[in-house]
Amino acid sequence: MVDSTSLINNLASNPVNWALLTTFVCMLFMLRSTPYSPPSPEHPEVVELKNYTPKQLLEFDGKDDKKILFAVNGKVMDVTRGRSFYGPDLEGGMYGNFAGRDASRGLAKNSFDESMLSDPEGPIDKLEDLDEEEWQSLRDWAAFMENKYDVVGFFVENDQAEEK
């Protein structure tokens with residue numbers, strides 16, 4: 001059996017023992033004084049999907065600090081986080097002309113030309129003339145966009161506007 005005098009003598013004779021004892025006591029104190037409470041979970045923002053017509057989508061062109069939305073292959077994406085790429089006019093990058101519009105044809109053909117945009121007053125471009133390579137390009141772009149940005153709705157014909 002070890003008596004208390006020999007234990008104190010061992011502690012006093014070696015400074016490493018003092019450091020270990022101090023660490024042990026501090027850890028015990030910390031464990032007993034602060035109970036563990038896990039962080040409260042935060043619910044992600046709920047996005048209610050809605051239908052957007054070509055006319056309605058025009059409003060979300062990023063001008064006047066508005067949101068930037070555009071359609072890709074029938075889905076509407078909120079690309080506001082990427083304002084430096086998709087913003088209007090000189091603020092945005094080469095994709096700026098897609099803001100508030102259907103970007104499907106331009107992405108499929110890898111073209112940022114204004115001629116790739118359909119008339120928002122007319123029917124949605126059915127993309128019937130795309131070849132297989134262009135369809136694959138569009139599918140790749142759609143997958144990329146869906147992984148990077150929030151899908152906020154679906155792109156529908158002007159006569160399918162929801163009543164408010």
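These numbers come from the heavy atoms of this one structure, side chains and all, not from hydrogens, waters or symmetry mates.
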The reported gap from CG in Leu58 to CG in Leu69 (rounded to nearest 0.5 angstrom) is 11.0 Å

Exercise. Should the pair Lys67-Asp78 be classified as a salt bridge under the 4.0 Å nitrogen-to-oxygen rule?
Worked result: yes

Distance col, row Asp140:CG vs Trp135:CH2, nearest 0.5 angstrom, shows 13.0 Å

**Prompt:** Counting distance only, does the side-chain N/O of Ser137 pair as donor-acceptor with the main-chain N or O of Leu107 below 3.5 Å?
**Reply:** yes

ask   = Do Val72 and Tyr149 share a hydrophobic cluster, counting only Ile, Leu, Val, Met, Phe, Trp and Tyr and linking them when any side-chain heavy atoms are less than 4.5 Å apart?
value = yes

Closest heavy-atom pair, Ser111 versus Phe98, reported as atoms and distance to 0.1 Å, is O-CZ, 3.6 Å

Go through it in stages, so that I can follow the logic: the residues are Lys75 and Glu146, the test is salt bridge (charged side-chain N to carboxylate O under 4.0 Å, His left out), and I'd like the CA-CA distance, side-chain angles, deciding distance and then a yes or no.
CA-CA 9 Å; Lys75 294 183 181 175; Glu146 286 181 45; 3.3 Å; yes

Interatomic distance, CG@Asp129 vs CZ@Arg105, rounded to 0.5 Å, equals 4.0 Å

_Using a 3.5 Å distance criterion without hydrogens, assess whether the side chain of Asp131 forms a donor-acceptor pair with backbone atoms of Glu134._
yes

### Query
Are Val47 and Val156 connected in the hydrophobic side-chain network, where two residues link if heavy atoms are under 4.5 Å apart?
no

Cluster membership besides Val16, Ile/Leu/Val/Met/Phe/Trp/Tyr side chains within less than 4.5 angstrom, sorted by chain and number, is Leu20

Side chains of Val79 and Phe70, heavy atoms from C-beta outward: is any pair under 4.5 Å? yes

OG1 of Thr80 to CG of Asp150, rounded to nearest 0.5 Å, is 9.5 Å

Minimal heavy-atom distance between Ala142 and Asn73, with the atoms involved, is CB-CB, 4.4 Å

Note: Gly122 and Asn158 closest approach over all heavy atoms is O-ND2, 3.5 Å

Do Trp141 and Phe85 sit in one hydrophobic cluster, given that two such residues count as connected whenever their side-chain heavy atoms are within less than 4.5 Å of each other, even indirectly?
yes

Rounded to the nearest 0.5 Å, the CG atom of Leu138 sits from the CE atom of Met145 at a distance of 11.5 Å

Query raised in the report: Is Arg101 paired with Asp119 through a side-chain N to carboxylate O contact shorter than 4.0 Å?
Result: no

Would you say the side-chain atoms of Glu59 pair up with the backbone N or O of Gln56, donor to acceptor, closer than 3.5 Å? no

More than 12 foreign heavy atoms under 6.0 Å from CD of Glu132: is that the case here?
yes

Rounded to the nearest 0.5 angstrom, the OH-CZ distance for Tyr52 and Phe155 is 12.0 Å

When you measure from the centre of the six-membered ring of Phe144, is the NZ or CZ of Lys148 closer than 6.0 Å and no more than 45° off the axis? no

Do Val151 and Val76 touch side chain to side chain, with heavy atoms closer than 4.5 Å? no

| query | Side-chain heavy atoms under 4.5 angstrom apart, residues restricted to Ile, Leu, Val, Met, Phe, Trp, Tyr: same cluster for Met116 and Leu130? | reply | no

* List the steps and the verdict of ring-ring contact (aromatic ring centres under 6.0 Å, His included) for Tyr95 and Tyr86. => CA-CA 5 Å; Tyr95 305 97; Tyr86 308 108; 5.4 Å; yes

Checklist entry - Is the shortest side-chain N to carboxylate O distance from Glu157 to Lys126 below 4.0 Å? => result yes

Working for side-chain hydrogen bond (donor to acceptor under 3.5 Å, both in side chains), residues Ser104 and Asp102
CA-CA 6 Å; Ser104 300; Asp102 180 8; 2.7 Å; yes

Is any NZ, NE, NH1 or NH2 atom of the basic residue among Glu121 and Lys55 found under 4.0 Å from an Asp or Glu carboxylate oxygen of the other? yes

